[in-house]
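Residues: numbered from 1 along the sequence shown.
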Amino acid sequence: MKKIIPLIFIAITISLFALEPHFMSDPAISPDGEDVCFVYLDKLWTVDWDGGTARCLTTVDHYVAAPQYSPDGKWIAYMTSRDGYNRIYKIPADGGEAAVVSV
């Protein structure tokens, strides 16, 4: 029993150090100031400026970065490697199908 307790302690300590924190990044504010788009766990999310429930816009698990709203606020452009290359895609700000912008 005396040998098991230190092993359990070591196992718990190692598992705690293995946890990777995940933070939101790359916030972009819509032109009207009503919404915020951000990256979380390699997906694009939007949420009202005043808070609330965030809504996921992308479904593909690949590198996503640098979202930017179009001047009219209807589109969000972002970088992704979803097809194996870093390219710019755009997606409707309300959600929908993403399309490649640069080839």
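- Shown here for Tyr78 and Thr58, the closest heavy-atom pair between the two residues is OH-CG2, 3.7 Å.
- For the atom pair SG (Cys37) and CD1 (Ile29), the distance works out to 11.5 Å, reported to the nearest 0.5 Å.
- Rounding to the nearest 0.5 Å gives a distance of 8.0 Å between CG of Asp35 and CZ of Arg55.
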Assess the residue pair Val101 and Tyr89 against the criterion (side chain to side chain contact (heavy atoms under 4.5 Å, CB included)); give the C-alpha distance rounded to whole Å, side-chain angles, the decisive distance to 0.1 Å, and a yes or no. CA-CA 5 Å; Val101 173; Tyr89 273 70; 5.7 Å; no
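- A distance of 7.5 Å separates CG of Asp42 from OG of Ser81, quoted to the nearest 0.5 Å.
- What you find for Val36 and Trp49 is that their closest heavy atoms are CG2-CE3, 3.3 Å.
- We find the CG-CD1 distance between Leu57 and Ile91 to be 5.0 Å, quoted to the nearest 0.5 Å.
- Between the side chain of Ser30 and the backbone N or O of Glu34, at least one donor-acceptor pair lies under 3.5 Å.
- Using modelled atom types, no side-chain atom of Thr80 and backbone atom of Val64 make a donor-acceptor pair closer than 3.5 Å.
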One pair to check against side chain to side chain contact (heavy atoms under 4.5 Å, CB included): Ile76 and Ser70. What are the steps and the verdict? CA-CA 6 Å; Ile76 299 172; Ser70 63; over 6 Å; no
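- Among all heavy-atom pairs drawn from Val39 and Pro67, the shortest one is CG2-CD, 3.9 Å.
- Scanning both residues, Pro31 and Tyr69, for their nearest heavy atoms gives CD-CB, 3.7 Å.
- Ring geometry for Phe38 against Trp45 counts as parallel: the plane angle stays under 30°, on a 0 to 90° scale with 60° as the upper cut.
- Atom NZ of Lys74 and atom NZ of Lys90 lie 11.5 Å apart (nearest 0.5 Å).
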